[in-house]
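Beneath this line is the structure, given in structure tokens, with notes to follow.
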There are 2 protein chains.
Amino acid sequence: MKKITVLCHTVKVSPRRSNPQTRSALVDIAARLLSDEGPQALSARRVAAEAGSSTMAVYTNFGGMSGLVHDMVYEGFARLETYFSHVGRTADPVADMVLFGRAYRHNALTNPHLYAVMFGGASLAGFSLTAEDRQYGRYTLTNVVECATRCIEAGRFRTGDAELVAHQMWTAIHGLVTLELGHYLIDPCNADVVFEAQLTGLVVGVGDTLEAATRSVKASRRRLKKEVQSTRPGPSVEEEPASARRS
Amino acid sequence: MKKITVLCHTVKVSPRRSNPQTRSALVDIAARLLSDEGPQALSARRVAAEAGSSTMAVYTNFGGMSGLVHDMVYEGFARLETYFSHVGRTADPVADMVLFGRAYRHNALTNPHLYAVMFGGASLAGFSLTAEDRQYGRYTLTNVVECATRCIEAGRFRTGDAELVAHQMWTAIHGLVTLELGHYLIDPCNADVVFEAQLTGLVVGVGDTLEAATRSVKASRRRLKKEVQSTRPGPSVEEEPASARRS
DNA sequence: TTTTTTTCATAACGCTGTTATGTCAGCTCG
DNA sequence: CGAGCTGACATAACAGCGTTATGAAAAAAA
């Protein structure tokens with residue numbers, strides 16, 4: 001009896017909808033707080049208050065703080081993919097590969113707190129990636145695998161597994177970026193110095209010659225500004241750091 | 001009048017001392033909880049209750065949860081140094097270098113949650129490393145710098161900055177270990193596969209030949225059990241993972 | 001024994017994410 | 001138009017967190 005009533009009304013009634021402005025305000029405010037003040041600034045009460053709502057808005061729109069952060073993180077993956085999509089496909093596949101490394105680092109430096117959740121295993125407002133999330137986020141790696149294939153076919157890298165080569169690049173650049181964001185790399189071996197040496201070392205390690213590698217690394221450095229740093233993937237989840245990291 | 005009294009008694013009065021058994025119980029319990037249940041299990045109430053105390057014991061012994069974690073982290077640095085000190089000094093400095101990489105990874109796998117605080121920028125129970133802590137923790141890197149010097153002098157690595165080479169090794173292995181601990185590395189490019197390839201790639205990238213590198217990596221693998229995995233730096237802060245990570 | 005000092009149990013504070021409750025807003029239908 | 005229905009969302013409360021405040025208890029010296 002009661003069940004029939006519910007079925008009839010489910011089809012026909014379109015009750016109150018959530019205010020779309022509230023949802024986007026919550027995301028924008030959360031992003032700003034994270035960028036300006038870091039993870040501890042992110043609380044349901046703080047975000048809701050600045051949006052002029054109660055904390056219930058976080059629950060109805062996102063299911064809770066975890067849902068809000070989840071959305072932010074997926075936007076972070078999309079941003080990385082956008083940066084990668086702007087890396088050109090040139091006659092020098094090794095330079096392209098190195099530019100992917102630069103794009104990866106640029107993304108992390110632009111959104112450090114999000115990066116820590118995306119790839120650093122960090123937890124934010126109680127949210128940690130699920131296994132599914134993690135494997136989803138790896139889709140950006142296909143760009144690197146495809147580029148490694150081109151490097152192998154061009155004879156610059158040893159014949160071998162392109163996916164494995166891509167993993168070597170990824171894990172190494174991830175390590176440098178993580179330590180950089182954590183302020184572990186100081187003069188004389190600061191982050192820029194180590195990064196440049198590592199880019200060369202990585203491609204030589206998988207088969208390139210030192211001379212060719214040096215040229216490709218240099219060429220990729222010249223392309224950085226135009227192909228990567230000029231990219232605006234959308235309203236910045238986290239603002240560009242106030243101090244320029246590149247002299 | 002009152003001040004004179006205080007001075008007299010400061011010298012002579014030895015009032016109640018904290019119970020040393022409480023202090024060590026708190027550390028052991030915290031370590032066990034962290035290892036068995038992860039970071040969210042670490043709360044002042046939980047740790048104190050299992051030690052048969054109130055949370056005030058955490059404050060009088062350690063100044064708070066941060067102090068407790070700080071002590072655990074410094075013990076983590078000491079453990080890494082112990083592992084490193086067991087890496088022998090052989091006629092093959094590149095094999096020694098690679099074994100440092102293996103020791104580093106072994107330490108991280110043995111104490112993953114602590115590792116995340118030591119080098120991963122993670123915050124645990126509200127504790128994050130200070131700049132001073134971070135630079136202190138880098139003292140373990142001197143082992144690697146010294147080994148890089150030997151590799152350069154032996155002609156295995158290109159002439160260059162040994163400290164920079166050590167940073168290249170460190171950042172790359174750190175990256176792999178971090179992603180491994182985060183469960184990002186899956187078949188076919190699982191952590192072991194990428195790690196072995198990366199070890200070879202890194203030393204080739206700084207000047208070794210592929211043939212010599214392959215031999216040194218292989219030799220270091222044979223030394224792992226005896227020089228590193230047999231090392232017991234003390235009661236484990238975190239127990240060995242239940243499932244063997246090495247087939 | 002008394003005095004002094006510190007430890008530490010207990011209670012309370014201010015914060016967190018979240019749930020419970022009931023009012024309000026928005027929509028459909030007669 | 002009003003009635004009824006449904007979900008949004010304000011408010012209060014819950015249970016947990018680290019920490020501080022308070023005073024009793026423990027330990028040591030004189």
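Letters A, B, ... mirror the listed sequences (proteins, then strands); counts begin at 1. Here the structure is a predicted model, which is why all the values come from computation and not from measurement. Every heavy atom of this structure was used, including side-chain atoms; hydrogens, water molecules and symmetry mates were not.
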Exercise. Any idea how A:Y136 and A:Y139 line up, ring-wise: parallel (<30°), tilted (30 to 60°), or perpendicular (>60°)?
Worked result: tilted
Problem set entry | Whole angstrom value for the distance that separates C1' of C:dG17 from CZ of A:R46 | 17 Å
Seminar exercise, completed: Between OH of A:Y59 and C1' of D:dC14 the distance, given in whole Å, is 12 Å
For this session: Could you tell me the separation between the CG atom of B:N19 and the C1' atom of D:dA27, rounded to a whole number of Å?
Result: 12 Å
Exercise. Under the 3.5 Å rule, do the base of C:dG17 and the side chain of A:R45 count as making a donor-acceptor pair?
Worked result: yes
For this session: Starting from the 5' end of DNA chain C, give me the residue, A:A44 or A:M56, whose nearest nucleotide shows up first.
Result: A:A44
For this session: Using a heavy-atom cut-off of under 4.0 Å over every strand shown, decide if B:L42 touches base, sugar-phosphate, or nothing.
Result: sugar-phosphate
Exercise. Nearest-Å distance, CG (A:L26) to P (D:dA8)?
Worked result: 14 Å
Seminar exercise, completed: A:M65 has its side chain closest, among D:dG18, C:dG17, D:dC9, to C:dG17
Exercise. Quick one: A:Q21 CD to C:dA25 C1', roughly how many Å, whole number?
Worked result: 16 Å
Exercise. Can you check whether A:M118 reaches A:T140 side chain to side chain, under 4.5 Å on heavy atoms?
Worked result: no
For this session: Could you tell me whether the phosphate oxygens of C:dT7, OP1 or OP2, come under 4.0 Å of any side-chain nitrogen or oxygen in B:T60?
Result: no
For this session: Grab the CZ-P distance between A:R23 and D:dC9 for me, whole Å please.
Result: 12 Å
For this session: Nearest 0.5 Å please: distance from the CG atom of A:N107 over to the CZ atom of A:R79.
Result: 8.5 Å
Exercise. For the side-chain contact (heavy atoms from CB on, under 4.5 Å) test, which of A:V177, A:L179, A:T178, A:L185 pairs with A:L181?
Worked result: A:V177
Exercise. At under 4.0 Å between heavy atoms, what does A:T55 touch on the DNA or RNA strands: base, sugar-phosphate, or nothing?
Worked result: base
For this session: Using only heavy-atom distances, decide whether a donor-acceptor pair under 3.5 angstrom links the side-chain of A:R16 to the base of D:dA8.
Result: yes
Exercise. Parallel under 30°, tilted from 30 to 60°, perpendicular over 60°: which one fits the rings of A:F119 and A:Y115?
Worked result: tilted
Seminar exercise, completed: From CG of B:L68 across to P of D:dT19 the rounded distance in Å is 11 Å
Exercise. NA contact type, B:S54, heavy-atom cut-off 4.0 Å: base, sugar-phosphate, or nothing?
Worked result: base
Seminar exercise, completed: In whole angstroms, the gap separating P of D:dG7 from CZ of A:R17 amounts to 10 Å
